Asks: 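Here's a structure for you.
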Amino acid sequence: MYKSSDIKWIKSVTRDKGNSWAYMEYKLGDTFNLNFSKNPKWYPTNYEKAKPGELMVIFQTLKSTPTFGGGTFITHLVTPLDNLIGKVSNPDHPYIRLVGVVGIPKVNLPLDSTWTLFKANRGQICFVDTLESHRGDKTILQKQNFLFELFNIDNNLITEIYDEKDNDEGLEEGADKSVYKLHKFKERKPELIAKAKAIAKEEDRLFCEACGFNFETEYPLLGLGFIECHHRVPISIGGIRKTKFEDLALVCSNCHRMLHRKYVNGNYLLVEELRKLILENRATSDNIRLS
C-alpha cells in the first residue's frame, strides 16, 4: 500500500512549449515511456535517480490562453517500472523510462498559490524538497503529505518483481537488478492458487508441468506440498480478468524463472513450449551418451 513517504521525486514535463497538455492521455493504471531531458554537466545521470516502487509527482506549467487561465498543474503520480534507460531521437529529451500511473489528481486545478515549484529544474527529476511553501518552512513529510492528498490513489495498483535482468558477464552484487510490472493486485487471488495446489495434490500431480520435478521426492518432508504457480497469460498484461484453474500451471522454481525470461524474438515461452524444449534437450543428451 502506498503512503505519503513513498513520494520521493518531482518532475516537470512540457509539450509544445507549454501550449498543450503532456501525457494527459494516460490514466490510472496505464504505463508509458516518460521522457527525460539531456544530461546536464552537473548531474549526467539525472534520469537514473528514481527507483522502481518510489513515487514521482509529475507537474506541468500551461500558458494562459483566451479561454484558459493557465498555471502549474499536478497531473500524475507515477512509479518507474524498471531500471532500464531507453534512448530516442529527441534532441531535448532523449532519454525514456517506463513508468506506471498509480494516482491521478482529485481536481484539475492549478497548484495552490501558497506552494511553489519554482526550484524544480525543468525537465529534470528533483527531490521532493524542491516543493516550497510561502507560509514558512515545511518539513519533507509535510510536503509529502500535501502532495499525497492531492491524488486519488489506487492502492490495489502495486509493483511486483517478476523478472531479473541477467548479465552474461556475471551479476553486479548490491545493485538493484529487478524489473517491475504494474498490475491489479486483486487479479492475483491467493485462495485460487491454494485451491489449485490442493486439487493437484488430491490428483497426485503436484509436480512441474514443464520438467516433471517433484519437490517432495527430491526433498523428503521439506518439499511436502510445495510447488509454484504460474499464470499462463501474465497478469501484468491484458487488463483485469477472471482467472480460472485452467489459466494456472504448476511449475518448479527453475522452470518458473525460465517462463519469465524472454526467449527468441523477445517472447516468453508457453509451458508447453518449455516442456518441448526440455524433452528435446534430454533426447539429444541421451543420444550423445549412447553414441
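If you're wondering where the values come from, they're calculated on a predicted model, not measured in any experiment. Because only heavy atoms are used, hydrogens play no part in the values below, and waters and symmetry mates are left out as well, while side chains stay in. Numbering of residues begins at 1 and proceeds along the displayed sequence.
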Asks: I'd like to know if the side chain of Asp16 reaches the main chain of Gly18, judged simply by a donor and an acceptor atom lying under 3.5 Å from each other, with no hydrogens or angles considered.
Replies: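 Answer holds: no.
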Asks: At their closest point, which heavy atom of Gly70 faces which heavy atom of Pro110, and how far apart are they?
Replies: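 Between these two residues, the closest heavy atoms are O-CG, 3.9 Å.
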Asks: Between atom OG1 of Thr130 and atom CD1 of Ile10, what is the distance when rounded to the nearest 0.5 Å?
Replies: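 If I round to the nearest 0.5 Å, the distance is 4.0 Å.
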Asks: Tell me whether Ile199 shares a hydrophobic cluster with Leu250, the cluster being built from Ile, Leu, Val, Met, Phe, Trp, Tyr side chains joined at under 4.5 Å.
Replies: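 Hydrophobic grouping puts Ile199 apart from Leu250.
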Asks: Do Ile125 and Val102 share a hydrophobic cluster, counting only Ile, Leu, Val, Met, Phe, Trp and Tyr and linking them when any side-chain heavy atoms are less than 4.5 Å apart?
Replies: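 Yes; Val102 is reachable from Ile125 via cluster members.
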Asks: Give me the one residue out of Leu117, Thr116, Ile140 that meets side chain to side chain contact (heavy atoms under 4.5 Å, CB included) with Leu131.
Replies: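 Per the side chain to side chain contact (heavy atoms under 4.5 Å, CB included) rule, the option paired with Leu131 is Leu117, out of Leu117, Thr116, Ile140.
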Asks: Decide whether Leu248 and Phe226 are clustered together by the hydrophobic rule: side chain heavy atoms of Ile, Leu, Val, Met, Phe, Trp, Tyr closer than 4.5 Å, transitively.
Replies: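 No, Leu248 and Phe226 fall in different hydrophobic clusters.
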Asks: For residues Ala210 and Leu274, report the shortest heavy-atom separation together with the two atoms involved.
Replies: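 What the structure gives for the nearest pair is CB-CD2, 4.0 Å.
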Asks: Any side-chain to backbone donor/acceptor pair from Thr79 onto Gly53? Under 3.5 Å, distance only.
Replies: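 Judged by distance alone, yes, a pair lies under 3.5 Å.
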Asks: Check whether any side-chain heavy atom of Ile96 lies under 4.5 Å from a side-chain heavy atom of Leu34, and answer yes or no.
Replies: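 The answer is no, as the side chains (C-beta and beyond) never meet within the 4.5 Å cut-off.
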Asks: When you look at Ile153 and Leu77, which way does the side-chain contact (heavy atoms from CB on, under 4.5 Å) test go after all the steps?
Replies: CA-CA 8 Å; Ile153 298 172; Leu77 186 64; 3.7 Å; yes
Asks: Please step through side-chain contact (heavy atoms from CB on, under 4.5 Å) for the pair Met24 and His76, ending with a clear verdict.
Replies: CA-CA 9 Å; Met24 294 302 284; His76 297 83; 3.9 Å; yes
Asks: Distance check, rounded to the nearest 0.5 Å: Phe151 atom CZ versus Leu28 atom CG?
Replies: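 Interatomic distance, Phe151 CZ to Leu28 CG, rounded to 0.5 Å: 11.0 Å.
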Asks: Applying ring pair (Phe, Tyr, Trp, His ring centres under 6.0 Å) to Phe59 and Phe73, what does each step give before you reach the verdict?
Replies: CA-CA 5 Å; Phe59 74 94; Phe73 293 80; over 10 Å; no
Asks: Rounded to the nearest 0.5 Å, what separates atom CD in Glu48 from atom CZ in Phe36?
Replies: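 Taking CD in Glu48 and CZ in Phe36, the distance rounds to 10.5 Å.
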Asks: For Lys138, is the NZ atom crowded, meaning more than 12 foreign heavy atoms sit under 6.0 Å from it?
Replies: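 Atom NZ in Lys138 is crowded, with more than 12 foreign heavy atoms closer than 6.0 Å.
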Asks: Are Arg232 and Glu209 within salt-bridge range, i.e. N to O under 4.0 Å?
Replies: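 Salt bridge between Arg232 and Glu209, a charged N being under 4.0 Å from a carboxylate O: yes.
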Asks: Is it the case that over 12 heavy atoms from other parts of the model lie below 6.0 angstrom from the CG atom of Asn254?
Replies: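 Counting other residues, nucleotides and ligands, CG of Asn254 stays at 12 neighbours or fewer.
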Asks: Can you check whether Trp21 reaches Val13 side chain to side chain, under 4.5 Å on heavy atoms?
Replies: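 Side chain of Trp21 against side chain of Val13, heavy atoms only: no contact under 4.5 Å found.
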Asks: Hey, what do you get for CZ (Arg15) to CG (Leu62), rounding to the nearest 0.5 Å?
Replies: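 Here the interatomic distance stands at 11.0 Å.
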Asks: Over all heavy atoms of both residues, which pair between Met56 and Pro80 is shortest? Give the atoms and the distance, please.
Replies: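 Looking at all heavy atoms of both residues, the shortest contact is CE-CG, 4.4 Å.
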Asks: Do Thr61 and Thr72 get their side chains close enough for a donor-acceptor pair, meaning under 3.5 Å?
Replies: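 Note: Thr61 and Thr72 side chains meet the donor-acceptor criterion.
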Asks: Could you give the distance from CZ (Phe146) to CG (Leu141), rounded to the nearest 0.5 Å?
Replies: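 Reported value, rounded in 0.5 Å steps: 14.0 Å.
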Asks: List the steps and the verdict of side chain to side chain donor-acceptor pair (under 3.5 Å) for Ser253 and Glu228.
Replies: CA-CA 6 Å; Ser253 306; Glu228 294 190 11; 2.7 Å; yes
Asks: So which heavy atom on Asp30 is nearest to which on Glu25, and how close?
Replies: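 Distance-wise, the nearest heavy atoms are OD2-O, 4.0 Å.
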Asks: Test the Lys119-Phe127 pair against the cation-pi criterion, namely NZ or CZ under 6.0 angstrom from the six-membered ring centroid and within 45° of the ring axis.
Replies: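 Cation-pi check for Lys119 and Phe127: fails.
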Asks: Can you confirm whether the side chains of Tyr219 and Asn214 place a donor and an acceptor under 3.5 Å from each other?
Replies: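 Side chains of Tyr219 and Asn214: no pair found under 3.5 Å.
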Asks: Scan side-chain atoms only and decide if Glu132 and Trp115 contain a donor-acceptor pair under the 3.5 Å cut-off.
Replies: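 Trp115 and Glu132 do not have a side-chain donor-acceptor pair below 3.5 Å.
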Asks: Say whether, by atom type as modelled, one donor and one acceptor occur between the side chain of Glu54 and the main chain of Lys51 under 3.5 angstrom.
Replies: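 Yes, the answer is positive, given that a donor and an acceptor are paired below the 3.5 Å cut-off.
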Asks: Could you check Leu111 against Ile74 for side-chain contact (heavy atoms from CB on, under 4.5 Å), going step by step and ending with a plain yes or no?
Replies: CA-CA 7 Å; Leu111 184 66; Ile74 302 292; 4.0 Å; yes
Asks: Please find the pair of heavy atoms, one from Pro220 and one from Thr217, that lie closest to each other, and give the distance.
Replies: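 That closest heavy-atom pairing would be CD-O, 4.0 Å.
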Asks: For Tyr47, is the NZ or CZ atom of Arg97 found under 6.0 angstrom from the centre of its six-membered ring and inside 45 degrees of the ring axis?
Replies: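 No, a cation-pi geometry is absent between Arg97 and Tyr47.
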Asks: Cut-off 3.5 Å, side chains only: do Thr75 and Gln60 have a donor facing an acceptor?
Replies: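 Checked: Thr75/Gln60 side chains pair up, N/O donor to acceptor below 3.5 Å.
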Asks: Applying the 4.5 Å side-chain criterion to the ILVMFWY set and letting contacts propagate, would Phe207 and Val271 be lumped into a single cluster?
Replies: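 Different clusters.
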Asks: Between the side chain of Asn35 and the main-chain N/O of His93, is any donor-acceptor distance below 3.5 Å?
Replies: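 Confirmed, Asn35 side chain pairs with His93 backbone.
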Asks: Carefully, step by step, assess Leu269 and Met258 under the rule side-chain contact (heavy atoms from CB on, under 4.5 Å).
Replies: CA-CA 8 Å; Leu269 288 177; Met258 294 300 100; over 6 Å; no
Asks: Look at the aromatic rings of Phe213 and Phe215 and report parallel, tilted or perpendicular, splitting at 30° and 60°.
Replies: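 Geometry flag for Phe215 against Phe213: perpendicular rings.
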Asks: Test Glu149 against Lys106 for salt bridge (charged side-chain N to carboxylate O under 4.0 Å, His left out), laying out the working first.
Replies: CA-CA 9 Å; Glu149 289 302 317; Lys106 294 176 181 177; 3.7 Å; yes
Asks: How about Asp92: does its CG atom have over 12 heavy atoms from other parts shown lying under 6.0 Å from it?
Replies: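 Result for CG/Asp92: enclosed.
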Asks: Check for a donor-acceptor pair, side chain of Lys197 on one end and backbone N or O of Ile227 on the other, with a separation under 3.5 Å.
Replies: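 It does hold such a pair.
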Asks: Of the non-hydrogen atoms in Ile278 and Cys255, which two are nearest, and what is the gap between them?
Replies: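 Closest heavy-atom pair between Ile278 and Cys255: CD1-SG, 3.9 Å.
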Asks: Rounded to the nearest 0.5 Å, how far does CD1 of Ile58 lie from OH of Tyr23?
Replies: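 Separation between the atoms: 7.0 Å.
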